[in-house]
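Single-structure report; data block below.
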Amino acid sequence: MIKQVLAERLKYFRIKNKLTANQVGVMIGKSGKTVNAWEHCHGQPDADTLLRLCKIYSISNINELYGKPFELEESVDSTSCDSDNIRISNIDLHLLSLFHQLNNAGKEAVLTAAEGAVMNSKYVSKSSKETTSTEIDNENHA
């Protein structure tokens with residue numbers, strides 16, 4: 001469902017901006033066929049490309065690509081992933097964008113550092129701690 005909405009919105013904004021798939025492809029370093037494929041639910045652009053498309057289409061809030069209304073959560077723009085009840089904030093998107101710029105060694109270093117930070121309870125949010133202990137309790141009772 002979300003993939004379909006994204007495909008439709010990508011096409012809508014491209015047409016609204018009076019651009020062809022080939023023109024958008026040139027702007028983002030992809031082929032027009034790739035852009036067309038995204039608009040027909042055959043794959044999706046990565047996070048960096050989505051951010052570039054937002055700039056090209058003059059979209060100030062990435063939620064517009066998903067047809068979601070603007071929401072605030074603790075003073076951070078966010079959207080929900082319906083399938084897992086996860087909130088993705090602009091900070092998450094920025095981190096993901098930076099992560100995608102790293103080579104494999106850099107990604108491994110970031111993952112190692114993140115795992116270390118999660119092990120240190122002073123860096124973990126209260127809701128994450130509750131989720132983790134609930135998951136552990138459920139595993140112990142299974």
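Starting from 1, each residue takes its place in the sequence as its number. It should be emphasised that the depicted structure is a prediction, and the values quoted were computed from it without experimental measurement.
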For the NZ atom on Lys55, are there more than 12 heavy atoms of other groups (residues, nucleotides or ligands in this structure) within a distance under 6.0 Å?
no
Nearest-0.5 Å distance, CG of residue Leu53 to OG of residue Ser58:
12.0 Å
Would the number of heavy atoms belonging to other residues, nucleotides or ligands and lying under 6.0 Å from CG of Asn104 be above 12?
no
Counting neighbours of OH on Tyr57 that are heavy atoms of other residues, nucleotides or ligands and sit closer than 6.0 Å, is the number greater than 12?
yes
Tell me whether Asn17 contacts the main-chain N or O of Leu19 through its side chain, where contact means a donor paired with an acceptor under 3.5 Å.
no
Within the 4.5 Å heavy-atom criterion, are Leu65 and Leu50 side-chain neighbours or not?
yes
side-chain hydrogen bond (donor to acceptor under 3.5 Å, both in side chains) partners for Arg14, two or more places apart:
Glu39
Determine all donor-acceptor pairs shorter than 3.5 Å in which one atom belongs to a side chain in residues 21-32; sequence neighbours excluded.
{"residue": "Gln23", "atom": "OE1", "partner": "Thr20", "partner atom": "N", "Å": "2.7"}
{"residue": "Gln23", "atom": "OE1", "partner": "Thr20", "partner atom": "OG1", "Å": "3.4"}
{"residue": "Ser31", "atom": "OG", "partner": "Lys33", "partner atom": "N", "Å": "3.4"}
{"residue": "Ser31", "atom": "OG", "partner": "Thr34", "partner atom": "N", "Å": "3.0"}
{"residue": "Ser31", "atom": "OG", "partner": "Thr34", "partner atom": "OG1", "Å": "3.0"}

Partners passing side-chain hydrogen bond (donor to acceptor under 3.5 Å, both in side chains) against Glu8 (at least two apart in sequence or in another chain)
Gln4
Just by distance, do the side chain of Asn61 and the backbone of Glu64 share a donor-acceptor pair under 3.5 Å?
no
Are any side-chain N or O atoms of Thr49 and backbone N or O atoms of Pro45, one a donor and one an acceptor, separated by less than 3.5 Å?
no
